Amino acid sequence: NLIPYTINEPSLLVIGQTFKDSTNDYEITLDSIKGDEAFIRITKFNGINQEPEGIFYGLEKEDANGRIMAKGWAIDHDTKDYIYVVFYVDGHPDKGGMFLGHTLASQPTEDGFPGFVFYFSPENYYYFYGGEHKIHAYAVDSWNGPLLELDNSPQTLVLETSEPPKQEPS
């Protein structure tokens with residue numbers, strides 16, 4: 001993946017030249033220059049990838065229409081950017097879990113961490129009907145590492161209706 005950077009003096013750069021960052025954790029190679037943008041590639045990472053962390057506080061019934069709210073926080077100390085939290089029903093995606101949705105952990109919390117709130121309505125998903133379901137929350141690693149399940153995940157959701165879905169998504 002190429003990363004674009006705006007530069008002031010493109011004439012000082014040499015395509016193919018490799019630089020080390022100030023921490024010596026990365027080697028960055030200049031791939032190409034287009035106008036005032038340099039496209040770089042991280043060619044070596046000597047640092048240690050820190051896994052994201054966070055807590056899945058739980059599920060709350062939000063309103064009379066059955067909408068559910070999932071809350072918690074997630075952070076990845078490898079980046080100053082907010083990270084995504086993804087939700088799966090009844091398992092990890094590699095083990096048959098069904099994708100529910102995602103949200104950005106970007107809201108302030110009392111803990112001082114970037115929080116998330118995710119709303120969903122079970123009747124909108126064909127795999128939700130009747131009984132007990134496990135809602136899993138995973139932080140997305142900024143270095144493309146594996147999904148990391150948040151503390152207190154999964155949370156149990158018990159649905160009162162046992163009616164089958166009206167239709168599967170197309």
Side-chain angles (χ1 to χ4, degrees), residues 1-3 21 23-28 41-170:
N1 292 341
L2 296 179
I3 304 166
D21 77 326
T23 65
N24 279 331
D25 284 342
Y26 308 96
E27 288 185 7
I28 301 167
R41 181 183 316 273
I42 296 175
T43 52
K44 188 173 184 184
F45 176 62
N46 299 320
I48 298 172
N49 180 25
Q50 298 179 61
E51 292 182 336
E53 62 176 314
I55 297 175
F56 187 7
Y57 292 142
L59 301 168
E60 297 176 21
K61 188 171 181 181
E62 183 62 20
D63 56 30
N65 295 325
R67 198 165 75 144
I68 307 294
M69 177 177 59
K71 292 173 57 174
W73 63 264
I75 191 169
D76 187 339
H77 298 286
D78 290 324
T79 182
K80 294 179 182 177
D81 295 330
Y82 298 124
I83 63 170
Y84 281 95
V85 177
V86 294
F87 298 88
Y88 285 84
V89 179
D90 295 331
H92 188 277
D94 293 340
K95 296 181 178 154
M98 300 293 290
F99 180 71
L100 182 59
H102 70 279
T103 191
L104 192 61
S106 62
Q107 301 177 8
T109 65
E110 291 178 11
D111 304 349
F113 294 107
F116 63 84
V117 175
F118 175 71
Y119 296 95
F120 64 97
S121 297
E123 67 271 7
N124 292 337
Y125 299 90
Y126 72 94
Y127 42 83
F128 267 133
Y129 60 95
E132 184 176 293
H133 295 277
K134 300 289 185 185
I135 308 299
H136 295 258
Y138 299 92
V140 178
D141 191 322
S142 65
W143 277 94
N144 295 326
L147 295 176
L148 181 83
E149 191 156 18
L150 299 179
D151 290 349
N152 298 332
S153 176
Q155 295 282 327
T156 301
L157 175 64
V158 178
L159 297 174
E160 298 167 9
T161 180
S162 60
E163 291 182 28
K166 292 179 177 61
Q167 65 181 13
E168 289 190 16
S170 51

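Position 1 is the first residue of the sequence; numbering continues from there. Worth saying up front: this structure is predicted, and the values here are computed from it rather than measured.
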Check for a donor-acceptor pair, side chain of Asp78 on one end and backbone N or O of Ser142 on the other, with a separation under 3.5 Å. no

Assign the ring pair Phe118 / Phe87 to parallel, tilted or perpendicular, where the plane angle (0 to 90°) is split at 30° and 60°. parallel

Passes side chain to side chain contact (heavy atoms under 4.5 Å, CB included), Asp141 versus Asp76? Steps please. CA-CA 7 Å; Asp141 191 322; Asp76 187 339; 3.3 Å; yes

Are Tyr88 and Leu100 close enough that some pair of their side-chain heavy atoms sits under 4.5 Å apart? no

Identify the heavy atoms of Ser153 and Ala137 that sit nearest to each other, and give their distance. OG-N, 2.9 Å

Test item: Asp90 side-chain N/O and Lys134 main-chain N/O as donor-acceptor pair under 3.5 Å: yes

Test side chain to side chain contact (heavy atoms under 4.5 Å, CB included) on Val140 and Leu147 and set out the steps. CA-CA 5 Å; Val140 178; Leu147 295 176; 3.8 Å; yes

What are the two closest non-hydrogen atoms of Leu150 and Glu53, and how far apart are they? CD2-C, 4.2 Å

Quick one, Pro154 and His133 - any side-chain contact, counting heavy atoms below 4.5 Å? no

Tell me, please, which residues at least two apart from His77 pass ring-ring contact (aromatic ring centres under 6.0 Å, His included). none

Once you round to the nearest 0.5 Å, how far does CD of Glu60 lie from OH of Tyr119? 9.0 Å

Around Gln107, counting heavy atoms of other residues, nucleotides and ligands shown, do more than 12 lie under 6.0 Å from its CD? yes

If you round to the nearest 0.5 Å, how far is CD1 of Ile83 from OH of Tyr138? 14.5 Å

Looking only at heavy atoms, what is the nearest atom pair of Ala74 and Ala105, with distance? O-CB, 3.6 Å

By side-chain contact (heavy atoms from CB on, under 4.5 Å), Asp111 pairs with (sequence neighbours left out) Tyr57, Trp73, Thr109, Phe113

Return the set of residues passing side-chain contact (heavy atoms from CB on, under 4.5 Å) with Leu59 (not counting sequence neighbours), or none when no residue passes. Phe56, Ile68, Ala70, Phe120, Ile135, Gln155, Leu157

